[in-house]
Each structure stands twice: as structure tokens, then as C-alpha cells.
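Take a look at the structure set out below.
Hydrogens, waters and symmetry mates play no part in the numbers below; they use all other heavy atoms, side chains included.
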Amino acid sequence: MKLRFLTITFLMISGIANAGEWSYNTEGQIKSAFGYADVKKEDKYRGNINAEINSYIAYDFNDEYAVSVHFDLMSGIDRDLQNYNQGHWGEELYGIFNSPFGQIITGQTFNVGAQFFDGAPMIGILSNNSDVVNFVSNPNWKRTSKQTKFATLNTTYINTDGVAPKISYISPELYGSGFGLSYIPKIYNRRGLINNHASYKDDDGYVGAFYHSQDIGGLNINTSISFAKFSGDDKEFSASALLSYGNWSLGAGWRKSYIEGKEKTSLSDFRLAEFFDGYREGYAWDLGLGYKFGPYKTGISYFQSKAENSDNQDQIVTFSNRYQINNFFDIYFATAYVNFEDENANTTEGMAVVGGVGFNF
């Protein structure tokens, strides 16, 4: 499947007939984090390192037409969720074709719903919920070489398909609005929520999304709404709003998932844990406030998710800070409070204090 998407991309490039302009760039970031977790039955001190390199080569035919190939690499050490494409490391390879009629993206990317999403501001070293569980493990979210279980949703944007290879179309923007469509031939991907042994892992999926951006007297308002249909039975809705005024930003997100029609889950496979796909029927929402002043950014956010048919639920509160020393180095400090409950009503509650350094190149 990856080769098929690459073939399409390179055919577009090989069709160049007129002289144009080439460009390329490579950049990356390394984040190191070390923290103390006040949680029973867990290691008190935990740390991890994450690295990412993003590169592209582009060809501009003229001011209206352009094509580019992107190759991103990422890796992590001591991550609680081994959710890169290859476990501890991963890749994203994709091509983009721009024209006055819209943008076509082929390859390993997030769907258009995730790309349009603007929710609670997440800053610094705990920039998503998966970063938080590197310090306080969540019994509802597991992704290792031996087990995958997502009993609850772990984001408010649609990430069920992760960066599974797909074809996406994004329309030109008109009066601050646009729409997009993604088709995913096979929805399983380690960066998503699906278990590799689920009966529906090779099914296809569709995602449609709409966004609108408007400025009213210095207040910028970004909104989005998304709908997904996976494996015939699974439906998902997501919505987001982000208000920005001066140095302040206030954002929120909401997501709902449910199964419509015949249930395809089978627990006859011993490799499937109980409630391994509880995320298919549940909801999640978040709310966050951010502030930036010169090189300093700070934010506080609240996230909650719950399964419809079990006791599984999550609560995460984060207070995260980032200070940019210069173009190359950042300093991070964050605290997080979590309250996780599994299907047996066992509760994991505690706090984590985390610090770290980032290097940009």
C-alpha cells in the first residue's frame, strides 16, 4: 500500500515539463523529560526521550501549482505507549499536490478531521495525553508488542486510524472556510487505537471535516467539525473551538463514538483483552486555557473520557510551561494530576512533576 502511494507521488513529479523551482528542508527536535510520580505500585522516578526529524523536497511549477514529498522520522525511549508505526520508532511518508482546486495528500498522514482540529491548548513536554501516561500509566490505554487495549478514547480529535496510508482532499479556502475528505483503505495503524488482532482491522474508513476561521475585532475564532465511518459499523463525531485574543487562547474539544449495526468484536481470540476496544462506544471532552509572553508559554487543561458500557474512565489535569532560551534550546516544566478507573472499578490516582530540555535543529 505504501508503494502504491509513493508511485502516485513520483508520477506527479516525473510529469514535470516546464522549468520551475526546487526547494528542500530538514529540521528536527529532541525532547528529554525526567519526572517524579506520586502513585502507589509504580516507579517513583521515570524519564524518557523523544526525537523527531521532518524533511521534504518540493517543486513549484508556478504560483498556483506545486508538488512535494515529505519524510518524517520519530523515535522514543522508555515510552509507556509503544505507538509509533514500528513500536519504538516510526515513519510518515507522504506526498502533497497543491493547485487552485485544492490539495491532494497521499500517504501516511492523520485524517482531515485531526488536521483541522483546534482544541484545548497543549504546551511543552506534556503536549498530549500520551505524554502524561509516560509518567503515570493508564490501565485503559495499552500499546506494546504483546497487547493493545484502548478501553476509552485518548483524544478529542479522531485518531482511530492513526497515520494509516490514506488519500485526502482539502478544498480551497473560501471566506475562511474549507472542507476535507479522507479515504483509508485499511484502518489499522499503531498510532491509532485498533488492535492488530481485531476482526475489522483490514476494513476501510472515511473521514469528512469542515473548518471555519473568523476574526472579530481582534478575537480570532477557529472551529471545526468532523465525522468518521470505520469498518462499516463504527461512527465518530468530533468538534473543536479555539478562541485567541492577544496573548490568550481558550480552546475546547468534544468527541463521540458509537457502534451502529452488527457488532464485529470477538473475544474468542486469546490475544484480545477484555474491553480492548471499549473506545468504540464512548465520549471525551477537554478544555484548556493558554497564555504566551515573549519566549514563555503556559497552559492549563482538563481532559475527560468515558466508556459507555463499562466503568472505564479517565481524568487528566495538566499545567505545562515552556521557555524558549534561543532558537536551539527550550526548557520545560509541567505538573499533572490523573484519575484513571478500569473495568473492575480499580482506581489509579496520583500526580507527576516533570522537567526537561528540548533541542531544536
Parallel, tilted or perpendicular: which fits the ring planes of [X] and [Y], with parallel below 30° and perpendicular above 60°?
{"X": "F97", "Y": "F61", "result": "perpendicular"}
{"X": "F116", "Y": "Y211", "result": "perpendicular"}
{"X": "F340", "Y": "W141", "result": "tilted"}

Looking at [Y], I'd like to know if the NZ or CZ of [X] sits under 6.0 Å from its six-membered ring centre while staying within 45 degrees of the ring's axis.
{"X": "R46", "Y": "Y36", "value": "no"}
{"X": "R255", "Y": "F117", "value": "no"}
{"X": "K149", "Y": "F275", "value": "no"}

Is the centre of the [X] ring less than 6.0 Å from the centre of the [Y] ring?
{"X": "W22", "Y": "Y59", "value": "yes"}
{"X": "F237", "Y": "F227", "value": "yes"}
{"X": "Y56", "Y": "Y24", "value": "no"}
{"X": "Y296", "Y": "Y323", "value": "no"}

field: Fellow cluster residues of F333, listed by chain then number, with links counted only when side-chain atoms sit under 4.5 Å apart
entry: V353

For the atom pair [atom1] ([X]) and [atom2] ([Y]), what is the distance rounded to the nearest 0.5 Å?
{"X": "I49", "Y": "D78", "atom1": "CD1", "atom2": "CG", "answer": "8.0 Å"}
{"X": "T152", "Y": "E281", "atom1": "OG1", "atom2": "CD", "answer": "14.0 Å"}
{"X": "I325", "Y": "N360", "atom1": "CD1", "atom2": "CG", "answer": "10.5 Å"}
{"X": "K44", "Y": "F135", "atom1": "NZ", "atom2": "CZ", "answer": "15.0 Å"}
{"X": "I184", "Y": "S231", "atom1": "CD1", "atom2": "OG", "answer": "11.0 Å"}

Show me the donor-acceptor pairs, under 3.5 Å and distance only, between side chains in residues 283-295 and residues at least two apart or in other chains.
unit_1	atom_1	unit_2	atom_2	d
D286	OD1	G253	N	2.8
D286	OD2	T156	OG1	3.0

message: Whether the side chain of R190 engages the backbone of Y84 through a donor-acceptor N/O pair (distance < 3.5 Å, no angle test) should be reported.
response: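 Side chain of R190 to backbone of Y84, a donor-acceptor pair under 3.5 Å: yes, one is there.
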
task: Would you check if the side chain of N189 reaches a backbone N or O of V163 as a donor-acceptor pair within less than 3.5 Å?
output: yes

- prompt: With distance as the sole criterion, is a donor-acceptor pair present between the side chains of Y200 and D277 under 3.5 Å?
  reply: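 D277 and Y200 do have a side-chain donor-acceptor pair below 3.5 Å.
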
field: Donor-acceptor side-chain pairing of N312 and N140 below 3.5 angstrom
entry: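 The answer is yes; a qualifying pair exists.
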
message: Hydrophobic clusters here meaning ILVMFWY residues chained together by side-chain heavy-atom distances under 4.5 Å, can you tell me if I96 and V207 are in one?
response: yes

query: Passes ring-ring contact (aromatic ring centres under 6.0 Å, His included), F329 versus F359? Steps please.
result: CA-CA 5 Å; F329 290 98; F359 173 61; 5.3 Å; yes

